[in-house]
J.: 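Supplied in structure tokens, the structure appears directly below.
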Amino acid sequence: QVQLVESGGGLVQAGGSLRLSCAASGRTFSSYATGWFRQAPGKEREFVARISRGGSITDYGDPVKGRFAISRDNAKNTVYLRMNAVKPEDTGVYYCAAVAAQYASRQTSAYENWGQGTQVTVSS
């Protein structure tokens, strides 16, 4: 098991940028595939991005493709989500998730470890 703590959320104007961080502790983080998800009020949790445990494979949900970038620094046990050109529809709670695997699917059920989330609010 790993413990995940997200940070970096806040209020940002549309068109601006934000970088979220997910710090992991507990086990060897380099053994864990990681994903970012988000949940807007009244909506289901939605896949945002995923990255393989080594960082060589990434994937993005269609709403964020070309605007967001996921990366990781295993030496620092941290995964990042760079958010550029944000839109009001990007508003929500962003969650980091991890599973002991080389790479994981886009499904929330594939992940065993979750952080508490960080709120991102984009104003128009």
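Here, residue 1 is the first one in the sequence, and each next residue gets the next number.
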J.: List the atom of A33, the atom of Y111, and the distance in Å for their closest heavy-atom pair.
T.: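 In this case the closest contact between A33 and Y111 is O-CE2, 4.3 Å.
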
J.: What I'd like to find out is whether the side chain of S123 reaches to under 4.5 Å of the side chain of L11, using heavy atoms alone.
T.: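 Side chain of S123 against side chain of L11, heavy atoms only: contact under 4.5 Å found.
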
J.: Let me confirm one number: the OG1-OH distance from T108 to Y95, rounded to the nearest 0.5 Å.
T.: 12.0 Å

J.: Kindly give the heavy-atom pair with the smallest separation between V122 and V86, and that separation in Å.
T.: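 Scanning both residues completely, I find the closest heavy atoms to be CG1-CG2, 3.8 Å.
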
J.: Could you check whether R53 makes a cation-pi contact with Y103, meaning its NZ or CZ is under 6.0 Å from the centre of the six-membered ring and within 45° of the ring axis?
T.: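 No, a cation-pi geometry is absent between R53 and Y103.
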
J.: So, K65 and D62, do they make that salt bridge, N to O below 4.0 Å?
T.: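 D62 and K65: salt-bridged.
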
J.: Quick one: does P63's side chain get under 4.5 Å of E46's, heavy atoms only?
T.: yes

J.: Begin from the C-alpha positions of V12 and T121 and carry the test side chain to side chain contact (heavy atoms under 4.5 Å, CB included) through to its verdict.
T.: CA-CA 6 Å; V12 59; T121 303; over 6 Å; no

J.: Can you tell me how far apart OG (S30) and CG (N77) are? Round to the nearest 0.5 Å.
T.: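 Separation between the atoms: 7.5 Å.
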
J.: Nearest 0.5 Å, what's the CD-CD distance between Q3 and Q116?
T.: 11.5 Å

J.: Once rounded to the nearest 0.5 Å, what's the spacing between atom CZ of R19 and atom CZ of R82?
T.: 7.5 Å

J.: Can you tell me how far the CG atom of D90 sits from the CZ atom of R38, to the nearest 0.5 Å?
T.: 4.5 Å

J.: Locate the shortest heavy-atom distance separating G9 from T118; write the atom from each residue and the value.
T.: N-OG1, 3.2 Å

J.: Measure from the side-chain N and O atoms of S31 to the backbone N and O of A100, and report whether any donor-acceptor pair falls under 3.5 Å.
T.: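 Not a single qualifying donor-acceptor pair exists.
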
J.: I'd like to know if the side chain of N113 and the backbone of A98 have a donor-acceptor N/O pair within less than 3.5 Å.
T.: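 Such a contact is found between N113 side chain and A98 backbone.
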
J.: Is F47 linked to Y80 within one hydrophobic cluster, defined over Ile, Leu, Val, Met, Phe, Trp and Tyr using a side-chain heavy-atom separation of less than 4.5 Å?
T.: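 Hydrophobic grouping puts F47 apart from Y80.
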
J.: Say whether, by atom type as modelled, one donor and one acceptor occur between the side chain of S105 and the main chain of Q107 under 3.5 angstrom.
T.: yes

J.: Minimum heavy-atom separation for R72 to S52, with atom names?
T.: NH1-O, 3.0 Å

J.: Check the side chains of N84 and S17 for a donor-acceptor pair under 3.5 angstrom, ignoring hydrogens and angles.
T.: yes

J.: Listed by chain and number, what are the side-chain contact (heavy atoms from CB on, under 4.5 Å) partners of T58, not counting sequence neighbours?
T.: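 Expected list: I51, Y60, I70.
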
J.: Is there side-chain contact between T34 and F29, with at least one heavy-atom pair below 4.5 Å?
T.: yes

J.: W114 and ring-ring contact (aromatic ring centres under 6.0 Å, His included): which single residue from W36, Y94, F37 fits?
T.: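 It is F37; the other options fail the test.
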
J.: Please report the closest heavy-atom contact between L20 and V120, naming both atoms and the distance.
T.: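 The answer is CD2-CG2, 4.0 Å.
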
J.: Using modelled atom types and a 3.5 Å cut-off, is there a donor and acceptor pairing between side-chain atoms of E112 and backbone atoms of V99?
T.: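 Not confirmed, E112 side chain does not pair with V99 backbone.
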
J.: Looking only at heavy atoms, which two atoms of G117 and V93 are closest? And how far apart?
T.: CA-CG1, 3.8 Å

J.: Using 0.5 Å steps for rounding, measure from the OG atom of S25 to the CG atom of L4.
T.: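 One gets 8.0 Å once the value is rounded to the nearest 0.5 Å.
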
